[in-house]
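First comes the structure, then the notes that go with it.
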Amino acid sequence: MTALDERSTALPVPDLSEEGLAAVTAELAGTAQRYDRSGEIPRAGIDAVHRAGLLTATVAERFGGPGVSARDAARILVALGEGDPSVALLAANTLATHQGQAAAGSWPAARYAEVLRRSAREPTLLNAVRAEPELGAPARGGLPATVARRIAGGWSLSGRKAYATGGTALAYHVVWATADEPDGDPDAPRVGHLIVPADLPGITWIDTWDHLGLRASNTHDVVYDEVALPADAFVEIPRGADGVYRDPAAVAGPASFGHPALYVGVARAARAAFVRYARERVPAALGRPIAETERIRTVAGEIDALVAQAETLLFGTLLRIEAGDTAHLPQLSVLKVQIARSVVAAVETAVAALGNPALTRHQPFERHLRDVLCVRVHPPQADAALLDAGRRLLTR
């Protein structure tokens, strides 16, 4: 039996044509400013992505999904990021969760079938809930203070998490926790993820998200207070052969390029906004659109070069993997860093060239700048990636 047996309707089929993706971009862009101002969950955008079949595009074929490639997943997220990056982030986390299930099949079969049946009917957002107020970014090392205590028939989950993107819009949390077991090793406890339906008793959201960018992503804190879960809810993350636990979020792979992809979309949006403004702006002293001046044309060329660089790094990396080329795999983390540098530089270049008009909230540039800066927070961060690359090069 597949995970789609007993479902009442099929998963929506995504339209991955350029025209289809562009239509979703335009629909998201129509509400992005409103949600950025209010900070509310971007329901209209989430609904649009669901109707287009994009939230389940990475569900594996063996589970009845389209099983799109990492490259097509990146195309989706570029398009969503160009429209509304907060919606794109929610989609990126959901797509990554389905990619993880496609690769490892670690979810209990009945639970994943439930996820897919719900996904066929309505938007079903998923996210790994990992960061903690005391620990900070999990990719920096350390074990979670959130504890899954073994009880009769299952687990009791308790702890507080930070930066849990999606907030009350999430349908399932995949919670990183340390196992507390009667027969466990206190010096080397098991670590894993627990699959937690969002409507269980004992889950409380704390509204902490008041951020510079991605304001509608609802990346709040969440508290788990003795949340009861079945025995199969715990999925262990095994230690390496050397006995060392390594955080999977710190390892770059094809699926991890979803986050950089959405910020390529932000850079594209800033480029389009720059072109539009340059064509429409006619200073009285000039008597013609600033788009006709050499300075603005040169700036436009610089923005275009930076966007092209980011796109080429993103899709070139994924195309090489598709082709079976593995030589660049050790460089995936630094490639993500370079994509981030390119998209930030593209938006900053547009803002710097336009002065005050780029900083007013009557234009979209300041929003694009705030949003694109968030690319720097996704693991692995630049300093860690560059240090690792240096070690790889200089250590025998």
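Excluded from the calculations below are hydrogen atoms, water molecules and symmetry mates; all remaining heavy atoms, backbone and side chain alike, are included. Positions are given from 1, in the same order as the sequence printed here.
- Side-chain contact check for Asn127 versus Thr94: every heavy-atom pair is 4.5 Å or farther apart.
- The same ILVMFWY cluster, assembled from side-chain heavy atoms under 4.5 Å apart, contains both Val175 and Leu170.
- Residue Val129 comes nearest to Ala164 through the heavy atom pair CG1-CB, 3.9 Å, listed as atom of the first residue, atom of the second, then distance.
- In this structure, the side chains of Pro66 and Glu61 stay at 4.5 Å or more apart for every pair of heavy atoms.
- Closest heavy-atom contact between Ala353 and Val299: CB-CG1, 3.6 Å.
- Tested against His259, the residues Asn93, Ile339, Val377, Val375 include a single side-chain contact (heavy atoms from CB on, under 4.5 Å) partner, Asn93.
- Asp371 has no carboxylate O lying under 4.0 Å from a charged side-chain N of Arg215, or vice versa, which leaves the two without a salt bridge.
- Seen from the ring of Trp155, Arg150 counts as a face-on cation partner, given the 6.0 Å and 45° thresholds.
- Counted within 6.0 Å of CG on Asn356, heavy atoms from surrounding residues, nucleotides or ligands total 12 or fewer; the atom is thus considered open.
- Residues Tyr277 and Ile290 have side chains in contact (heavy-atom distance under 4.5 Å, counting atoms from C-beta outward).
- Closest approach of Pro108 and Asp232 over heavy atoms only: CG-O, 3.2 Å.
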### Task
Show your working on salt bridge (charged side-chain N to carboxylate O under 4.0 Å, His left out) between Arg149 and Asp180 and close with a plain yes or no.
CA-CA 5 Å; Arg149 181 170 53 86; Asp180 177 7; 5.4 Å; no
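- Put simply, the side chain of Leu80 reaches to within 4.5 Å of the side chain of Ile76, judged on heavy atoms.
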Residues 45-59 side chain polar contacts: donor-acceptor under 3.5 Å, at least two apart:
| from | atom 1 | to | atom 2 | distance (Å) |
| --- | --- | --- | --- | --- |
| Arg51 | NH2 | Glu27 | OE1 | 3.4 |
| Arg51 | NH2 | Glu27 | OE2 | 2.5 |
| Thr58 | OG1 | Leu95 | O | 2.9 |

### Message
Does Thr360 form a side-chain contact (heavy atoms from CB on, under 4.5 Å) with Glu366? I'd like the steps, not just the answer.
### Response
CA-CA 7 Å; Thr360 176; Glu366 60 86 29; over 6 Å; no
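- Residue Pro85 is tested with Leu90, Leu214, Val372 for a side-chain contact (heavy atoms from CB on, under 4.5 Å); the sole match is Leu214.
- Here the side chains of Val344 and Leu373 are in contact, with some heavy-atom distance below 4.5 Å.
- The CZ atom of Arg281 sits 13.5 Å away from atom CZ of Arg288, with the distance rounded to the nearest 0.5 Å.
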#### Entry: Evaluation steps, side-chain contact (heavy atoms from CB on, under 4.5 Å), between Leu329 and Ile321
CA-CA 8 Å; Leu329 294 185; Ile321 294 172; 3.9 Å; yes
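- Residue pairs that meet the side-chain hydrogen bond (donor to acceptor under 3.5 Å, both in side chains) test with at least one member in residues 30-45, sequence neighbours left out, are Asp36-Arg370.
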### Task
Could you check Asp72 against Arg75 for salt bridge (charged side-chain N to carboxylate O under 4.0 Å, His left out), going step by step and ending with a plain yes or no?
CA-CA 5 Å; Asp72 277 335; Arg75 290 179 58 234; 3.0 Å; yes
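- Both Leu157 and Leu200 are part of a single hydrophobic cluster, where members link through side-chain heavy atoms under 4.5 Å apart.
- Counting heavy atoms from C-beta outward, Leu319 and Glu322 have side chains that approach closer than 4.5 Å.
- Across all their heavy atoms, Val347 and Ala267 have their closest contact at CG2-CA, 4.0 Å.
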### Task
Would you please test Glu292 and Arg297 for salt bridge (charged side-chain N to carboxylate O under 4.0 Å, His left out) and show each step?
CA-CA 7 Å; Glu292 297 180 12; Arg297 287 179 173 178; 5.8 Å; no
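- Here the CD atom belonging to Glu311 is positioned 8.0 Å from the CG atom belonging to Asp304, to the nearest 0.5 angstrom.
- In this view, Tyr163 satisfies the ring pair (Phe, Tyr, Trp, His ring centres under 6.0 Å) rule with no residue, not counting sequence neighbours.
- Between Phe257 and His378, the ring center distance fails the sub-6.0 Å criterion.
- Between Ala385 and Val337, the closest heavy-atom pair is CB-CG2, 3.7 Å.
- If you chain together hydrophobic residues whose side chains sit under 4.5 Å apart, Val147 and Leu135 never meet in one group.
- Hydrophobic clustering places Leu359 together with Val266 (ILVMFWY residues linked when any side-chain heavy atoms are closer than 4.5 Å, directly or through intermediates).
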### Query
Do Glu114 and Arg111 pass the salt bridge (charged side-chain N to carboxylate O under 4.0 Å, His left out) test, and can you show the C-alpha distance, the side-chain angles, and the key distance before you say yes or no?
CA-CA 5 Å; Glu114 176 186 298; Arg111 181 67 74 189; 3.2 Å; yes
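- To the nearest 0.5 Å, atoms CG (Leu89) and SG (Cys374) are separated by 8.5 Å.
- The cluster map of Ile, Leu, Val, Met, Phe, Trp and Tyr, joined by side-chain heavy atoms under 4.5 Å apart, puts Tyr263 and Phe315 in the same cluster.
- Cluster partners of Leu394 are Leu393, counting Ile, Leu, Val, Met, Phe, Trp and Tyr whose side-chain heavy atoms approach within less than 4.5 Å, directly or via other members.
- Side-chain contact, Thr146 with Glu132: a donor N or O sits under 3.5 Å from an acceptor N or O.
- Applying the ring pair (Phe, Tyr, Trp, His ring centres under 6.0 Å) test to every pair with at least one member in residues 337-372, sequence neighbours left out, gives no pairs at all.
- Here the OG1-NE2 distance, from Thr97 to His193, works out to 9.5 Å after rounding to the nearest 0.5 Å.
- Two residues are said to be in side-chain contact when any heavy atoms from C-beta on lie closer than 4.5 Å; His98 and Phe63 fail this criterion.
- Residues Ile296 and Pro289 have side chains not in contact (no heavy-atom distance under 4.5 Å, counting atoms from C-beta outward).
- Heavy-atom neighbours of Arg279 CZ from other residues, nucleotides or ligands within 6.0 Å: at or below the threshold of 12.
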### Query
When you look at Trp176 and Val191, which way does the side-chain contact (heavy atoms from CB on, under 4.5 Å) test go after all the steps?
CA-CA 8 Å; Trp176 188 51; Val191 176; 3.4 Å; yes
When the side chains of residues 219-228 are checked against the rest of the protein, which donor-acceptor pairs come out under 3.5 Å, sequence neighbours left out?
| from | atom 1 | to | atom 2 | distance (Å) |
| --- | --- | --- | --- | --- |
| Thr219 | OG1 | Thr165 | OG1 | 2.9 |
| Thr219 | OG1 | Ser217 | OG | 2.8 |
| His220 | ND1 | Thr208 | N | 3.2 |
| His220 | ND1 | Trp209 | N | 3.1 |
| His220 | NE2 | Asn218 | OD1 | 3.3 |
| Asp221 | OD1 | Thr208 | OG1 | 3.2 |
| Asp221 | OD2 | Arg160 | NE | 3.2 |
| Asp221 | OD2 | Arg160 | NH2 | 3.0 |
| Tyr224 | OH | His173 | ND1 | 2.8 |

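- With rounding to the nearest 0.5 Å, the separation of CZ in Arg276 from CZ in Arg271 is 12.5 Å.
- Of all the heavy atoms in Pro144 and Lys161, the pair that sits closest is CB-NZ, 4.0 Å.
- Separation of atoms OG (Ser156) and CG (Leu194) is listed at 10.5 Å; rounding is to 0.5 Å.
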### Chi angles and distances behind the side-chain contact (heavy atoms from CB on, under 4.5 Å) call for Phe274, Thr349
CA-CA 10 Å; Phe274 185 87; Thr349 298; over 6 Å; no
